[in-house]
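Here's the structure we're looking at; comments come further down.
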Amino acid sequence: MTFKDHDLPFPENIPGIRYETPALRAPDGRPVEGLHAVRMTLDNPSQLNSYTTEMIKGVIAGMRRASNDRAAVAVVFTGEGTRAFCTGGNTAEYATYYAGRPEEYRQYMRLFNDMVTAILHCDKPVICRVNGMRIGGGQEIGMACDFSVAQDLALFGQAGPKHGSAPDGGSTDFLPLFVGIEAAMASCTLCRPWSAHAALRHGLLTGIVPALKLDGRFVPNPLVVTDRALDEWGRPVLGERKDGDALREGKALLAQGEIDLALLDHEVDTLVWSLAQTMPGCLTKTIESVRKHKLAHWDRNRESNRAWLAQNMMTEGRAGFRAFHEGTSDCREPDFLLLRRRLAEGASWDDELVEEILRKAHGKETTAR
């Protein structure tokens, strides 16, 4: 049969995006003729797979292409390497181009919003294969996916209020649906990352698998508690970071082992296979119905959030992203306390204030006045 072409033009060789169509595989490893998955990879590992403006365009185009792929069972959305799925927007681009240019950032945020919407509107189920850190905007595009399967060394969290932004690219909309309002509030404001075990405990993930191999055997993340659920006071500790000697021993184990994502790939392949064992129309309708809970919040807030985020690039965003980009390994944050004092004294957001609060990130002592 000759089909009509409903695709929009898809540019080839998009910088930072890989689009592949690996065959659907049965549990015994046998490829299934005529069916495949779509694997879309954020390929910017030197910058922890942070997305540039061009990469965002690639994700939008890729999700649209996958939607119209009649032989595709599901989309696997992942990052290159073992360190990060995605750490959000490219801070170098933010600091050197968008900082101080609110109208440019407003146009950028239109693209970002369209990326999140493209994931939520994809006609195929979208699986986030969490190969490493999922932070900031990476957390947001990950939560837009329908399923998330992670290797257990991954970290999950927000960074906005620490670096001059608000997590209004999806986290303030989606995270309360996953983990409840109290846990969402703590994550969004305090920016303390969750381990994969903690994220699973909070209800953020479909599943996790170990990635650290020692002497040919997979072992759970040695940096976090995995052998008990509660502490002596009855508080949840599963997935919480170890401290003291236990943490030092865990770091030594991590250094001795190797990272192997074979179990992660097997888990993702198993999920794709399970999705293939359903009626395609009923599956799509079910996914669309569950997504409506995310879309109800996303569609209500995204445009007003875009406008605020753009204007914020004249003040806290301008300072915060520059601090991260220009900062030293010891400090990538502005002087928060000095900023609060200056604003309480009536200081204006001008170049002098920005440079003053950046002295800490630049490794210089702040001059009191």
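The structure presented is a predicted model; accordingly, all values stated were derived computationally and were not measured. When a residue number appears, it is its place in the shown sequence, counting from 1.
Arg332 and Thr91 share no side-chain donor-acceptor pair at under 3.5 Å. Using modelled atom types, one finds a donor on one side chain and an acceptor on the other under 3.5 Å when comparing Arg300 with His297. Looking at Ser50 and Asn90, their side chains do bring a donor and an acceptor atom within 3.5 Å of each other. Looking at Asp152 and Asn221, their side chains never bring a donor and an acceptor atom within 3.5 Å of each other.
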Stepwise, does the salt bridge (charged side-chain N to carboxylate O under 4.0 Å, His left out) test hold for Lys213 with Asp260? CA-CA 7 Å; Lys213 226 174 184 180; Asp260 185 335; 3.2 Å; yes

Take Trp349 and Met314 through the side-chain contact (heavy atoms from CB on, under 4.5 Å) test and state the conclusion after the steps. CA-CA 8 Å; Trp349 270 104; Met314 290 300 295; over 6 Å; no

Before giving the answer on side-chain hydrogen bond (donor to acceptor under 3.5 Å, both in side chains), spell out for Ser289 and Lys285 the whole-Å C-alpha distance, their side-chain angles and the decisive distance to 0.1 Å. CA-CA 6 Å; Ser289 294; Lys285 177 61 178 75; 2.5 Å; yes

Start with the C-alpha distance between Arg110 and Glu303, add both sets of side-chain angles, then the distance that settles salt bridge (charged side-chain N to carboxylate O under 4.0 Å, His left out), and finish with yes or no. CA-CA 8 Å; Arg110 167 71 76 201; Glu303 284 304 301; 2.9 Å; yes

Before you tell me yes or no, could you show the steps for Lys294 and Asp173 under salt bridge (charged side-chain N to carboxylate O under 4.0 Å, His left out), namely the whole-Å CA-CA distance, both residues' side-chain angles and the distance that decides it to 0.1 Å? CA-CA 7 Å; Lys294 296 180 188 177; Asp173 296 304; over 6 Å; no

Give the intermediate values and the outcome of side-chain contact (heavy atoms from CB on, under 4.5 Å) for residues Leu309 and Tyr105. CA-CA 8 Å; Leu309 288 164; Tyr105 196 67; 4.0 Å; yes

For side-chain contact (heavy atoms from CB on, under 4.5 Å), just list the numbers for Ile287 and Val126, CA-CA rounded to whole Å, side-chain angles, deciding distance to a tenth of an Å, and then say yes or no. CA-CA 10 Å; Ile287 286 171; Val126 182; over 6 Å; no

Using the rule given for side-chain contact (heavy atoms from CB on, under 4.5 Å), can you reason through Cys188 versus Leu175, listing the C-alpha separation, both sets of side-chain angles and the distance that settles it, and then say yes or no? CA-CA 9 Å; Cys188 286; Leu175 198 56; 3.9 Å; yes

What verdict does the salt bridge (charged side-chain N to carboxylate O under 4.0 Å, His left out) test give for Asp265 and Arg129, after you've listed the backbone C-alpha separation in whole Å, the side-chain angles of each residue and the deciding distance to 0.1 Å? CA-CA 8 Å; Asp265 286 327; Arg129 174 186 175 272; 2.8 Å; yes

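Formation of a donor-acceptor pair under 3.5 Å by the Ser304 side chain with backbone atoms of Asn301 is found in this model. With Asn68 contributing its side chain and His6 its backbone, the two residues share a donor-acceptor pair below 3.5 Å. Proximity of a side-chain donor or acceptor of Asn131 to a complementary backbone N or O of Ala84 within less than 3.5 Å is detected.
Applying the 6.0 Å contact sphere to CD of Glu182 captures no more than 12 heavy atoms from other residues, nucleotides or ligands. Counted within 6.0 Å of CG on Asp227, heavy atoms from surrounding residues, nucleotides or ligands total more than 12; the atom is thus considered enclosed. Within a 6.0 Å sphere centred on CG of Asp215, other residues, nucleotides and ligands contribute 12 heavy atoms or fewer. By the neighbour-count criterion of 12 heavy atoms within 6.0 Å, atom CZ of Arg217 is sparsely surrounded, having that number or fewer from other residues, nucleotides or ligands. For Lys162, the NZ atom is loosely surrounded, since the number of other residues' heavy atoms within 6.0 Å does not exceed 12. Annotation: His362, atom NE2; neighbour count of heavy atoms from other residues, nucleotides and ligands within 6.0 Å is above 12. With a 6.0 Å radius and a threshold of 12 heavy atoms from other residues, nucleotides or ligands, Gln277 has its CD atom above the threshold.
Arg201 is listed as a side-chain neighbour of Glu240, based on a closest heavy-atom distance under 4.5 Å. Contact annotation: the side chain of Phe156 never approaches that of His202 to less than 4.5 Å [non-hydrogen atoms, C-beta and beyond]. Considering only heavy atoms from C-beta on, Ile127 comes within 4.5 Å of Val272 through its side chain. At a threshold of 4.5 Å between non-hydrogen side-chain atoms, the residues Leu247 and Leu223 count as touching. Between Gln139 and Met133, every side-chain heavy-atom pair lies at or beyond the 4.5 Å cut-off. A 4.5 Å side-chain heavy-atom check between Met63 and Phe77 finds at least one atom pair inside the cut-off. Looking at Leu212 and Pro222, their side chains come closer than 4.5 Å, going by heavy atoms from C-beta outward.
Using cut-offs of 30° and 60° for the angle between ring planes, the Phe112 and Trp298 rings count as perpendicular.
Ring centroid separation for the pair Phe324 and Phe321 does not come in under the 6.0 Å cut-off.
Residue Tyr98 holds its OH atom at 10.5 Å from CE of Met109, rounded to the nearest 0.5 Å. One finds the CG atom of Leu295 at 9.5 Å from the CD atom of Glu288 (value rounded to the nearest 0.5 Å). Between atom CD of residue Glu54 and atom CG of residue Asn44 there is a gap of 12.5 Å, rounded to the nearest 0.5 Å.
Among residues two or more places apart in sequence or in another chain, the side-chain contact (heavy atoms from CB on, under 4.5 Å) test is passed with Ala307 by Arg106. For the salt bridge (charged side-chain N to carboxylate O under 4.0 Å, His left out) test, residues two or more places apart in sequence or in another chain that qualify with Asp351 are Arg318.
Pairs of residues two or more places apart, or lying in two chains, that qualify as salt bridge (charged side-chain N to carboxylate O under 4.0 Å, His left out) and include a residue from residues 73-94 are Arg18-Glu80.
A salt bridge between Asp146 and Arg291 is present, with a side-chain N of the basic residue lying under 4.0 Å from a carboxylate O of the acidic one.
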